[in-house]
Colleague: 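Have a look at the structure that comes next, please.
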Amino acid sequence: MNSAVERHPPKTQTIQVNGLSFFVETRGNPEGEPVLFIMGLGAQMTLWPEALLNAYADAGYRVIRFDNRDIGLSSQVKARLSGHPLAAMARYRLGLPLAAPYTLHDMARDACGILDGLDITRAHIVGVSMGGMISQILAGDHPSRVRSATLIMTSTNSPRLQLPKLQLIVKLAGVGAKGHDEEAVVNRSLAFWKTIQGTVHPTPLQEVQERLRSDFRRSYHPAGILRQTRAILATGSLSSITRRIRAPTTIIHGTADPLVRPGAAKQLQYLVPHARLQLISGMGHDLPEPVLHEIAKSGLAMMASV
């Protein structure tokens, strides 16, 4: 039998939400229960592995992914940032207010608007990293829109959580980044990828490099990445929102994640006591092919019980 993707190939469209244009792709069974995939900081929707998306499509779901605001083929927000990135990080760590063009709450409203544009009332949500934070806001503040939540390598964004190593913070802030041509960007991104990928199932670097080149040619907006970073810092802790999550929830995290430490997943489980926590040995802050079946199996099992 042909797969759901072959029967229902991916279709793309643009949806207008909150004065912005969002690039959206759907695949799988158009009559199936919808699953909205929300990507993380600075990452285009193309970072979702095809094998993972197809596992959900082949299970009969209507699979939806999109470029967040300020990334990929969705709209850029025309706004300048004030203050040094490291100073913004310091204010976040101290719990002080921080000005930003938008916050993760606005990005959660983007997701709701995309569902509206597709005439979807409720959906299963799968969020990774920053997308997992947005998913928490959806499940906590917009519960009528969320059928279930799968939170992958994410956190409550609490400033009290263990920080990544300083080297990673500096790279995330864009400090010292030089050159915006393809070679400079690919080499810089490849070096960053090496520091965050897992220890047990590292993706072959040639494969990573090819994807980075493809993404650069698709879209490159470094200012948008900085604005997304500021949105995370300005949002602050989501703990009070996370406590309100009542939808069935699965938390998936790698034991070797150097960016969002595994302790963040344990805090999530404490705040969402009905959630199932799955730690994947050796997985870092990436989605390597050997663990995709395990991730899909865990998420699909929960969704099937809803």
Side-chain angles (χ1 to χ4, degrees), residues 35-45 47-49 52 65-66 68 71 92 103-108 110-111 123-142 146 148-164 168-169 172 196-198 225 228-245 247-280 283-288 291-292 294-296 298-299 302-303:
V35 188
L36 183 68
F37 285 76
I38 308 178
M39 187 34 75
L41 170 65
Q44 302 181 52
M45 72 176 198
L47 191 57
W48 285 112
L52 183 65
R65 64 174 171 170
F66 66 100
N68 282 307
I71 201 73
Y92 157 77
T103 70
L104 299 184
H105 295 276
D106 296 299
M107 299 182 79
D110 293 341
H124 300 281
I125 307 295
V126 180
V128 62
S129 196
M130 179 187 75
M133 298 177 192
I134 295 169
S135 299
Q136 292 171 62
I137 296 173
L138 284 171
D141 280 354
H142 308 273
V146 177
S148 75
T150 301
L151 309 176
I152 305 173
M153 55 190 180
T154 191
S155 79
T156 63
N157 199 35
S158 170
R160 296 183 179 181
L161 287 169
Q162 184 182 9
L163 282 174
L168 286 177
I169 295 174
L172 277 174
I196 65 171
Q197 69 177 348
I225 298 173
Q228 286 188 355
T229 303
R230 185 65 61 89
I232 294 173
L233 300 180
T235 299
S237 176
L238 301 172
S239 297
S240 62
I241 296 172
T242 306
R243 290 180 186 275
R244 298 198 292 269
I245 295 176
T249 302
T250 292
I251 302 162
I252 301 172
H253 212 105
T255 61
D257 192 332
L259 190 60
V260 181
R261 306 298 183 91
K266 295 176 182 178
Q267 186 202 39
L268 279 174
Q269 187 187 37
Y270 173 77
L271 295 174
V272 189
H274 65 274
R276 176 177 181 268
L277 171 61
Q278 180 175 5
L279 295 175
I280 299 181
M283 187 177 92
H285 204 73
D286 59 345
L287 296 168
V291 305
L292 297 181
E294 191 174 352
I295 291 173
S298 182
M302 173 193 63
M303 290 160 55

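Throughout, numbering of the chain's residues begins at 1 and tracks the sequence.
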Colleague: With a 4.5 Å cut-off on side-chain heavy atoms, are Q228 and M130 touching?
Modeller: yes
Colleague: Distance from I280 atom CD1 to E294 atom CD, nearest 0.5 Å?
Modeller: 4.5 Å
Colleague: So, for P164 and L259, which heavy atoms are closest and what is the spacing to 0.1 Å?
Modeller: CG-O, 3.2 Å
Colleague: Is the backbone N or O of T242 less than 3.5 Å from a side-chain atom of Q136, with the two atoms forming a donor-acceptor pair by type?
Modeller: no
Colleague: Identify the heavy atoms of L36 and A111 that sit nearest to each other, and give their distance.
Modeller: CD2-CB, 4.0 Å
Colleague: Could you check whether any side-chain N or O of N68 sits under 3.5 Å from a backbone N or O of M107, counting only pairs where one atom can act as donor and the other as acceptor?
Modeller: no
Colleague: For residues S148 and M302, report the shortest heavy-atom separation together with the two atoms involved.
Modeller: OG-CE, 3.6 Å
Colleague: Under the side chain to side chain contact (heavy atoms under 4.5 Å, CB included) rule, collect the residues that match up with L161, sequence neighbours excluded.
Modeller: S155, T156, S158, A264, Q267
Colleague: How far apart are the closest heavy atoms of S135 and L151, and which atoms are they?
Modeller: CB-CD2, 3.7 Å
Colleague: Which value, rounded to the nearest 0.5 Å, describes the distance between Q269 atom CD and T250 atom OG1?
Modeller: 10.5 Å
Colleague: Are W48 and L287 side-chain neighbours, meaning at least one heavy-atom pair lies under 4.5 Å?
Modeller: yes
Colleague: Within the side chain of D286, is there an N or O that forms a donor-acceptor pair under 3.5 Å with the backbone of P288?
Modeller: no
Colleague: Just how far is it from atom CG of L104 to atom CD1 of I134, taken to the nearest 0.5 Å?
Modeller: 5.5 Å
Colleague: Which pairs with one or both residues in residues 264-279 pass salt bridge (charged side-chain N to carboxylate O under 4.0 Å, His left out), sequence neighbours excluded?
Modeller: none
Colleague: Check L52 against L292 and note the closest heavy-atom contact, atom names and distance.
Modeller: CD1-O, 3.9 Å
Colleague: Which value, rounded to the nearest 0.5 Å, describes the distance between D110 atom CG and L138 atom CG?
Modeller: 10.0 Å
Colleague: Any salt bridge (charged side-chain N to carboxylate O under 4.0 Å, His left out) involving residues 230-245? Give me the pairs, sequence neighbours left out, ordered by first then second residue.
Modeller: D141-R244
Colleague: Kindly determine whether Y92 and I232 satisfy side-chain contact (heavy atoms from CB on, under 4.5 Å), including the steps that lead there.
Modeller: CA-CA 9 Å; Y92 157 77; I232 294 173; 5.9 Å; no
Colleague: For R261 and Q162, indicate whether the former's side chain and the latter's backbone hold a donor-acceptor pair under 3.5 Å.
Modeller: no
Colleague: Using only atom types and a distance under 3.5 Å, with no angle test, would you say the side chain of N157 pairs donor to acceptor with the backbone of G236?
Modeller: yes
Colleague: Can you spot which of L238, I38, T235 makes a side chain to side chain contact (heavy atoms under 4.5 Å, CB included) with M133?
Modeller: L238
Colleague: How long is the gap from CD1 on I152 to CG on D257, to the nearest 0.5 Å?
Modeller: 12.0 Å
Colleague: Pairing donors with acceptors under 3.5 angstrom, does anything connect the side chains of S129 and H285?
Modeller: yes
Colleague: Which heavy atom of H253 sits nearest a heavy atom of M283, and at what distance?
Modeller: C-CE, 4.0 Å
Colleague: What's the spacing between I71 CD1 and L41 CG if we round to 0.5 Å?
Modeller: 8.0 Å
